[in-house]
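Have a look at this one.
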Amino acid sequence: MRWQLVPNWEPAFSTKLSTINAKSETAFDSPLFGELVSRQRCIIPITGFYEWKKDDSRSRPFKIHLQSNSIMTLAGIWDTWRPGTSFERRSFSILTTAANRFMCEIHDRMPVILDGSVVDDWLNPEIHERKELQELMKPCPNEWLSAVEVSQLVNSPKNNSPQILEPAITVGAIDRPQRVLFED
């Protein structure tokens with residue numbers, strides 16, 4: 001599947017709409033996302049995601065991951081473009097929610113991270129009631145998350161190397177250790 005939901009009415013398998021993410025709070029009321037969140041849900045397994053913390057005049061990139069370093073399960077919705085034809089393609093959007101207290105230090109939004117115990121409910125096609133689904137689309141507990149500042153290399157899609165994943169080292173007169181956000 002392609003990450004950036006392409007509505008089935010688009011003439012080509014592309015869109016100028018901002019459909020990488022969908023706000024869980026308004027998804028049900030959206031002509032684009034409403035039916036999808038009711039009937040076409042998926043999960044997106046990831047090891048972490050990047051978010052930028054704005055400090056004064058610059059943005060610092062952080063990789064957010066589970067403290068356990070296990071796979072995160074994000075809530076998503078999907079659609080099929082040109083179903084039943086030789087051109088058929090699928091795409092998805094990640095559902096987001098308001099940031100929990102941990103994420104508020106970096107950004108005001110975050111992906112909906114599902115607990116393993118609710119994944120079956122999220123994927124169950126028999127569950128399509130708004131109230132029941134909204135209960136699943138909440139911020140995860142603060143304790144689940146950890147963040148580490150990473151290299152500015154992550155700022156460009158041209159950079160595709162292992163160094164992107166390495167913690168940032170501030171180089172100056174004295175090398176300093178990596179900056180971990182909210183370390184105990």
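Everything numeric here is computed off the predicted structure, so don't read it as measured data.
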Checklist outcome for this item: With sequence neighbours left out, the residues meeting side-chain contact (heavy atoms from CB on, under 4.5 Å) with Cys140 are Asn100, Met110, Ile113, Trp144, Leu145
Next on the checklist: So Thr26 and Phe33, do their side chains get closer than 4.5 Å, heavy atoms only?
Outcome noted: no
Checklist entry - Can you tell if the side chain of Gln40 reaches within under 4.5 Å of the side chain of Phe92, non-hydrogen atoms only? => result no
Checklist entry - Side chains of Arg2 and Phe13: does their closest heavy-atom pair fall under 4.5 Å? => result yes
Item to check | Nearest non-hydrogen partners of Ser91 and Leu5, listed with the distance | outcome: OG-CA, 3.3 Å
Next on the checklist: My understanding is that only residues two or more places apart in sequence, or in another chain, count here; which of them pass salt bridge (Lys or Arg N to Asp or Glu O under 4.0 Å) with Glu10?
Outcome noted: none
Checklist entry - Gly76 and Ile44: which non-hydrogen atoms are nearest, and at how many Å? => result CA-CD1, 3.5 Å
Checklist entry - Do Met137 and Phe28 touch side chain to side chain, with heavy atoms closer than 4.5 Å? => result yes
Item to check | Within one Ile-Leu-Val-Met-Phe-Trp-Tyr cluster: Leu66 and Ile43, side-chain cutoff 4.5 Å | outcome: no
Item to check | Spacing of CG belonging to Asn159 relative to CG belonging to Leu153, to within rounding of 0.5 Å | outcome: 5.0 Å
Checklist entry - Which heavy atom of Ala147 sits nearest a heavy atom of Phe102, and at what distance? => result N-CZ, 3.7 Å
Next on the checklist: Pair Trp122, Val112 - check side-chain contact (heavy atoms from CB on, under 4.5 Å), show working.
Outcome noted: CA-CA 11 Å; Trp122 180 253; Val112 173; over 6 Å; no
Next on the checklist: Going by side chain to side chain contact (heavy atoms under 4.5 Å, CB included), Met103 matches just one of Ile64, Asn142, Thr97. Which one?
Outcome noted: Ile64
Next on the checklist: Test of understanding: with salt bridge (Lys or Arg N to Asp or Glu O under 4.0 Å), list the residues that count as partners of Asp108, not counting sequence neighbours.
Outcome noted: none
Checklist entry - If we only count heavy atoms from C-beta on, is the Pro111 to Leu74 side-chain gap below 4.5 Å? => result yes
Checklist entry - Are any of the side-chain heavy atoms of Ser93 and Ile20 separated by less than 4.5 Å? => result no
Item to check | Contact check, side chains of Lys63 and Thr47, non-hydrogen atoms, under 4.5 Å | outcome: yes
Checklist entry - Does one hydrophobic cluster hold both Leu123 and Val118, with members joined at side-chain heavy-atom distances below 4.5 Å? => result yes
Checklist entry - Where do Phe62 and Lys53 land on the side-chain contact (heavy atoms from CB on, under 4.5 Å) test, with the steps shown first? => result CA-CA 7 Å; Phe62 284 84; Lys53 179 181 174 112; 3.8 Å; yes
Next on the checklist: For Trp3, is the CH2 atom crowded, meaning more than 12 foreign heavy atoms sit under 6.0 Å from it?
Outcome noted: no
Checklist entry - What is the minimum heavy-atom distance between Val148 and Pro167, and which atoms define it? => result CG2-CB, 3.8 Å
Item to check | Nearest-0.5 Å distance, NE2 of residue His65 to OG of residue Ser146 | outcome: 4.0 Å
Checklist outcome for this item: From the list Asp115, Asp121, Val119, side chain to side chain contact (heavy atoms under 4.5 Å, CB included) with Ser117 holds only for Asp115
Item to check | Summary of salt bridge (charged side-chain N to carboxylate O under 4.0 Å, His left out) pairs that have at least one residue in residues 11-25, sequence neighbours excluded | outcome: Glu25-Arg109
Checklist entry - Should we count CG of Asn69 as having more than 12 external heavy atoms under 6.0 Å? => result yes
Checklist entry - Under 4.5 Å between any side-chain heavy atoms of Trp9 and Leu32, yes or no? => result yes
Item to check | Atom pair CG (Asp79) and CD (Glu35), whose distance is rounded to the nearest 0.5 Å | outcome: 10.0 Å
Item to check | Nearest heavy-atom neighbours spanning Leu133 and Val37 | outcome: CD1-O, 3.5 Å
Next on the checklist: Tell me every residue that passes salt bridge (Lys or Arg N to Asp or Glu O under 4.0 Å) with Arg82, counting only those two or more places apart in sequence or in another chain.
Outcome noted: none
Checklist entry - Going by the salt bridge (charged side-chain N to carboxylate O under 4.0 Å, His left out) test, which pairs reach into residues 122-141, not counting sequence neighbours? => result Asp29-Arg130
Checklist entry - Does the pair Ile77 and Leu95 meet the rule for a side-chain contact (heavy atoms from CB on, under 4.5 Å), with working shown? => result CA-CA 7 Å; Ile77 52 178; Leu95 286 161; 4.1 Å; yes
Item to check | Interatomic distance, Glu51 atom CD to Glu105 atom CD [nearest 0.5 angstrom] | outcome: 13.5 Å
Next on the checklist: Would a single hydrophobic cluster contain both Met72 and Ile94, if residues Ile, Leu, Val, Met, Phe, Trp and Tyr are joined by side-chain heavy-atom contacts under 4.5 Å?
Outcome noted: yes
Item to check | Connected via hydrophobic side-chain network under 4.5 Å: Ile71 and Leu136 | outcome: no
Checklist outcome for this item: For Gln152 and Arg60, the nearest pair of non-hydrogen atoms, with its separation, is NE2-CA, 4.2 Å
Checklist entry - From Arg89 CZ over to Ser14 OG, what is the distance, rounded to the nearest 0.5 angstrom? => result 12.5 Å
Item to check | Within one Ile-Leu-Val-Met-Phe-Trp-Tyr cluster: Ile46 and Met1, side-chain cutoff 4.5 Å | outcome: yes
Checklist entry - Does Arg58 reach the main-chain N or O of Asp55 with its side chain, forming a donor-acceptor pair under 3.5 Å? => result no
Next on the checklist: For the OG1 atom of Thr19 and the CD atom of Gln4, what is their distance to the nearest 0.5 Å?
Outcome noted: 4.0 Å
Checklist entry - Can any side-chain N or O of Trp81 pair as donor or acceptor with the backbone N or O of Glu88 at less than 3.5 Å? => result no
